[in-house]
Q: 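Please see the structure below; I have some questions.
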Amino acid sequence: MSTPEHSPLGKTTVYADRYDASLLFPIPRQAKRDEIGVTGPLPFHGEDVWNAYELSWLDGRGKPVVALAEFRVPAGSPNIIESKSFKLYLNGFSQERVTDRAALIATLTRDLSAAAGAPIEVTLSDAQARGHAVTDLDGTLVDDQAIDIDDYGPPQADYLVADASQPIVEEALVSNLLRSNCPVTGQPDWGSVQIRYRGAPIDQAGLLRYLVSFRNHNEFHEQCVERIFVDVMQRCRPEHLSVYARYTRRGGLDINPYRSSGTERPDNPRGARQ
């Protein structure tokens with residue numbers, strides 16, 4: 001069964017060092033989408049941008065090679081891929097001889113697309129700092145407000161308010177205080193989030209209280225971002241909305257879901273905690 005309880009999460013694991021595509025564990029997206037009322041056509045576009053920092057294999061002469069990998073999983077895919085299974089799968093290449101990068105990319109693309117149920121884009125890059133600069137999410141930071149908060153979950157969409165009496169604005173609001181928890185192990189997931197919108201001004205104090213109310217919430221990264229998108233859209237009614245969360249890595253992987261009412265694609269900016 002493809003439910004979190006049947007995944008490798010929270011279990012003692014033997015780390016394979018040979019290639020094994022069966023290690024990948026897909027989890028259907030729809031059950032959690034049903035919870036937030038997304039039962040028909042998706043109200044958003046987007047993708048999940050994964051970065052892998054622990055990818056290595058052997059070249060034709062047996063010498064280890066390392067690279068960084070970027071994976072882009074479309075939001076329209078029927079499945080997410082459970083992150084520990086993803087890590088185990090990638091680790092399986094550590095003692096595999098691979099002809100060249102093109103052959104590895106072809107294998108990764110085939111296996112991950114099969115698990116997700118939709119085409120996945122795979123990019124490999126050299127593990128050198130010059131190609132991976134650290135930057136901040138663009139926007140106004142809402143974290144420094146002097147407000148009292150005592151609500152840490154479950155998420156409370158009632159905090160979200162937009163003032164329809166004010167002129168339309170176009171802005172990006174950013175918080176580094178996003179925290180949620182793995183729904184199986186309870187381990188914390190830490191992230192930054194950017195909410196870019198065009199519409200009536202969103203109350204920043206209410207937005208911060210809303211984001212903090214995820215602090216004790218159990219959901220995967222992708223599911224949290226979709227919940228945020230749906231709640232902001234329903235409560236604040238912006239003309240355009242995008243939500244981009246940049247999570248810190250675990251097990252050599254970070255997951256960065258992006259959801260938007262438009263069709264634009266996100267960049268892949270590495271934050272200071274990534």
Q: Side chains of Tyr19 and Asp111 only: does a donor on one sit below 3.5 Å from an acceptor on the other?
A: yes
Q: Is the backbone N or O of Glu47 less than 3.5 Å from a side-chain atom of Arg265, with the two atoms forming a donor-acceptor pair by type?
A: no
Q: Near Asp267 CG, under 6.0 Å, is it more than 12 heavy atoms from other residues, nucleotides or ligands?
A: no
Q: Hey, what do you get for CG (Leu208) to CG (Asp203), rounding to the nearest 0.5 Å?
A: 10.0 Å
Q: Under 4.0 Å between a side-chain nitrogen and a carboxylate oxygen: does that hold for Glu96 and Arg18?
A: yes
Q: One thing to verify: whether Arg97 and Asp59 come together as a salt bridge, which I'm taking to mean a side-chain N less than 4.0 angstrom from a carboxylate O.
A: no
Q: Would you say the side chains of Tyr258 and Asp48 form a donor-acceptor pair under 3.5 Å?
A: no
Q: Looking at CG of Asp254 and OG1 of Thr248, how far apart are the two atoms once the value is rounded to the nearest 0.5 Å?
A: 8.0 Å
Q: With no hydrogens and no angle check, is any side-chain donor or acceptor of Ser113 less than 3.5 Å from a backbone partner on Thr109?
A: yes
Q: Is it true that Glu222 and Arg29 have a side-chain N and a carboxylate O under 4.0 angstrom from each other?
A: no
Q: For the pair Asp158 and Arg209, find out whether any cationic side-chain nitrogen is under 4.0 Å from an anionic carboxylate oxygen.
A: no
Q: Ring centres under 6.0 Å, that's the criterion: do Trp190 and Tyr247 meet it?
A: no
Q: Would the distance check show the side chain of Arg249 and the main-chain N or O of Tyr53 forming a donor-acceptor pair, the cut-off being under 3.5 Å?
A: no
Q: Using a strict cut-off of less than 4.0 Å between a Lys/Arg side-chain nitrogen and an Asp/Glu carboxylate oxygen, indicate whether Arg227 and Glu35 qualify as a salt bridge.
A: yes
Q: Please confirm whether the backbone N or O of Phe220 pairs with a side-chain atom of Gln223, one donor and one acceptor, at under 3.5 Å?
A: yes
Q: Would you say Gln145's side chain and Gln204's backbone share a donor-acceptor pair under 3.5 angstrom?
A: yes
Q: Counting distance only, does the side-chain N/O of Ser175 pair as donor-acceptor with the main-chain N or O of Asp143 below 3.5 Å?
A: no
Q: Leu23 and Ser85: which non-hydrogen atoms are nearest, and at how many Å?
A: O-CB, 3.1 Å
Q: Taking the side chain from Ser213 and the backbone from Gln156, do they hold a donor-acceptor pair closer than 3.5 Å?
A: yes
Q: Kindly say whether the aromatic ring centers of Tyr152 and Phe214 come within a distance under 6.0 Å.
A: no
Q: Do Arg215 and Ser180 have a side chain donor and acceptor closer than 3.5 Å?
A: no
Q: For residues Arg270 and Leu68, report the shortest heavy-atom separation together with the two atoms involved.
A: NH2-CD1, 3.8 Å
Q: Going by atom types alone, do Ser242 and Arg259 pair a side-chain donor with an acceptor below 3.5 Å?
A: no
Q: For the residue pair Leu137 and Pro269, what are the closest heavy atoms and their distance?
A: CD2-CG, 4.2 Å
Q: Between the side chains of Ser192 and Asn176, is a donor N or O closer than 3.5 angstrom to an acceptor N or O?
A: yes
Q: Strictly distance-based, threshold 3.5 Å: is any side-chain N or O of Arg179 a donor or acceptor partner for the main-chain N or O of Gly191?
A: no
Q: Does the plane of the ring in Phe86 sit parallel, tilted or perpendicular to the ring in Phe71? Use 30° and 60° as the thresholds.
A: tilted
Q: Under 3.5 Å, is there a donor-acceptor pair between the side chain of Asn79 and the main chain of Ile81?
A: no
Q: For a quick check under 3.5 Å, do Asn268 and Asn256 share a side-chain donor-acceptor pair by atom type?
A: no
Q: Within the 3.5 Å criterion, strictly below it, is a donor on Tyr197 or Glu170 matched to an acceptor on the partner's side chain?
A: no
Q: Got a donor-acceptor contact below 3.5 angstrom from the Gln166 side chain to the Asp163 backbone?
A: no
Q: Return yes if a side-chain donor-acceptor contact under 3.5 Å exists between Gln194 and Asp138, otherwise no.
A: no
